[in-house]
Enquirer: 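I'd like to ask you about the structure that follows.
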Amino acid sequence: MSILIVGTTALDSIKTPHSENPRLLGGSASHAAVAASFFAPVNLLGVVGDDFPDEYIDLYKKHGIDLTGLEKASGNTFHWEGEYEVNMNNRQTLETDLGVIEEWMPTLGDDLTDKDYVLLANCAPQLQHHVLKQMKQPKFVVADTMDLWLNIARHELEALLKEVDCLVLNDSEARQFMEEDNVVVAAQRLHKFGPKYVIVKKGEHGSILSGPSGLFIAPAFPLNKVIDPTGAGDSFVGGLVGYLASHEGDIEKNLRQAIIHGSVTASFCCEGFGLAATTEATRKQIDQRIEQLKEMIAF
Ligand code: AMP
């Protein structure tokens, strides 16, 4: 079954202690769409400006991503600039220029509103809600968010969450949202806003799922070298939704496998700048890492 993914289609300028990489292909929807494309057909919904390079369009195409919903508008593409500290975990946002996505409220054609799986990748909750309202009868809706939206659009985020099946956010955001230091407690309390499932991402320390049958703890795939973790969270959620869309049946039953597949897909993202390593990965390599991870956590 196919997936609709909406979010940012961006140009990312990423600084690390060792290098500077201006205007790479990035954005929450780009990372999520490429990750999901390993598992299921993907429709990308986004907007780019006239500065968006053709080679990035070709990269989406290489992954078989349907671009019917990708608009080109006059103006600048969303641009994000971030800098990592030596440990490659802590990062600072240096600049966020919303560009053409700031005013963008798309009207979806019939060919997009009938998708069963909807991934509202990280972007303004108003835009996420606007898209969700147009979907006819989605089977499973996942939303990702970040601290910026908690700070400036909390009310809109809470309104959205009433209609979402699964919320994904990182540990500091879960703490901030619930004003609760204990992340396990924060995850469980987040259900009261609507989502049946809450997944808290903890970077290199994996993730926690809270759902009707309790908690599930998933590890991250251990890497010897992290080049650039930008987009790992988006790749995680893309891989997760991709896996669900490719496995019919009970969501509850498939969700643990989906999280592990998301986790492993995200590990490839960290091994190169931007999408460089993800785009070189293969489904076979993903499956191999799944097997390796299984052995590492069996006891
Ligand atoms: P992650 O490393 O998973 O947190 O995702 C980083 C990606 O999110 C980058 O490719 C950015 O372009 C994108 N991004 C950064 N800030 C925002 C924002 N405010 N809204 C949507 N996407 C963003």
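In listed order, ligands and their atoms are each counted from 1. All residue numbers refer to positions in the sequence shown, counting from 1. None of the values given here were measured: they were computed from a predicted structure.
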Enquirer: Need the ligand 1 atom indices (1-based, order shown) with element for anything under 4.0 Å from a heavy-atom of T8.
Expert: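 Contacts of ligand 1 toward T8, numbered from 1: 21 (C), 22 (N), 23 (C).
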Enquirer: Between Y84 and T230, is any side-chain donor less than 3.5 angstrom from a side-chain acceptor?
Expert: yes
Enquirer: Decide yes or no on side-chain hydrogen bond (donor to acceptor under 3.5 Å, both in side chains) for D51 and T77, but give the supporting numbers first.
Expert: CA-CA 6 Å; D51 54 351; T77 301; 2.6 Å; yes
Enquirer: For atom 8 (O) of ligand 1, what's the nearest protein heavy-atom neighbour? Residue, atom name and distance, please.
Expert: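 The protein heavy atom lying closest is D234 OD2, 3.8 Å.
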Enquirer: Between G27 and ligand 1, does any nitrogen or oxygen pair lie at a separation below 3.5 Å?
Expert: yes
Enquirer: When only distance counts, is C123 in polar contact with ligand 1, meaning an N/O pair under 3.5 Å?
Expert: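 Among all N and O atoms of C123, none is under 3.5 Å from an N or O of ligand 1.
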Enquirer: Quick one: does T230 get an N or O within less than 3.5 Å of an N or O on ligand 1?
Expert: no
Enquirer: Using atom types as modelled and distance alone, determine if a side-chain donor or acceptor of S263 lies under 3.5 Å from a backbone N or O of P219.
Expert: yes
Enquirer: If you have a sec, work out which protein heavy atom is nearest atom 17 (C) of ligand 1 and how many Å separate them, to one decimal?
Expert: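 Minimum-distance protein heavy atom for atom 17 (C) of ligand 1 reads F78 CZ, 3.6 Å.
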Enquirer: Quick one about T9 and S30 (side-chain donor to acceptor, distance below 3.5 Å, no hydrogens or angles considered), yes or no?
Expert: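 The criterion, which ignores hydrogens and geometry beyond distance, is not satisfied for T9 and S30.
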Enquirer: Could you tell me whether some N/O pair between G231 and ligand 1 is separated by less than 3.5 angstrom?
Expert: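 The answer is yes, given that G231 and ligand 1 share an N or O pair closer than 3.5 Å.
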Enquirer: Number the atoms of ligand 1 from 1 as they appear, then name those within less than 4.0 Å of a heavy atom of L148, with their elements.
Expert: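 By the 4.0 Å cutoff, the relevant atoms are 19 (N).
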Enquirer: Could you tell me whether the side chains of Q134 and H130 share a donor-acceptor contact shorter than 3.5 Å?
Expert: yes
Enquirer: Have a look at ligand 1 and work out which part of N122, if any, has a heavy atom under 4.0 Å from it: side chain, backbone, both or neither.
Expert: both
Enquirer: At a 4.0 Å threshold, what atoms of ligand 1 neighbour a non-hydrogen atom of A10?
Expert: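 Counting from 1, the qualifying ligand atoms are 12 (O).
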Enquirer: If we set the cut-off at 4.0 Å for heavy atoms, which region of A124 has an atom near ligand 1: side chain, backbone, both, or neither?
Expert: neither
Enquirer: Out of all atoms in ligand 1, which are within 4.0 Å of some heavy atom of G233? Include the element for each.
Expert: 3 (O)
Enquirer: Output yes when a side-chain donor or acceptor of K192 lies under 3.5 Å from a complementary backbone atom of Q188, and no otherwise.
Expert: no
Enquirer: Applying a strict 4.0 Å limit to heavy atoms, is W149 in contact with ligand 1?
Expert: yes
Enquirer: Mark yes or no for whether E180, through its side chain, and N182, through its backbone, hold a donor-acceptor pair below 3.5 Å.
Expert: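 Indeed, once roles are kept as given, a pair shorter than 3.5 Å links the two residues.
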Enquirer: What atoms of ligand 1 come closer than 4.0 angstrom to any heavy atom of G26?
Expert: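 Under 4.0 Å from G26, ligand 1 has these atoms: 10 (O).
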Enquirer: Under the salt bridge (Lys or Arg N to Asp or Glu O under 4.0 Å) rule, what do E179 and R154 come out as? Steps first, then yes or no, please.
Expert: CA-CA 13 Å; E179 294 178 356; R154 181 167 177 133; 5.8 Å; no
Enquirer: How far is atom 10 (O) of ligand 1 from its nearest protein heavy atom, and which residue and atom is that?
Expert: D12 OD2, 2.4 Å
Enquirer: Compare R91, K201, M146 and give the one whose heavy atom is closest to atom 4 (O) of ligand 1.
Expert: R91
Enquirer: Distance under 4.0 Å to a non-hydrogen atom of H31: what atoms of ligand 1 satisfy this?
Expert: 10 (O)
Enquirer: Do T278 and H31 have a side chain donor and acceptor closer than 3.5 Å?
Expert: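 H31 and T278 do not have a side-chain donor-acceptor pair below 3.5 Å.
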Enquirer: Could you identify the single nearest non-hydrogen protein atom to atom 16 (N) of ligand 1 and state the distance to 0.1 Å?
Expert: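 Ranking protein heavy atoms by distance from atom 16 (N) of ligand 1, first comes W80 CD1, 3.6 Å.
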Enquirer: Give a yes or no on this: more than 12 heavy atoms of other residues, nucleotides or ligands lie within 6.0 Å of atom CG of D110.
Expert: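 At most 12 heavy atoms, drawn from other residues, nucleotides or ligands, come within 6.0 Å of this atom.
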Enquirer: Please work out which of the three classes, parallel, tilted or perpendicular, describes the rings of Y243 and H247, given edges at 30° and 60°.
Expert: parallel
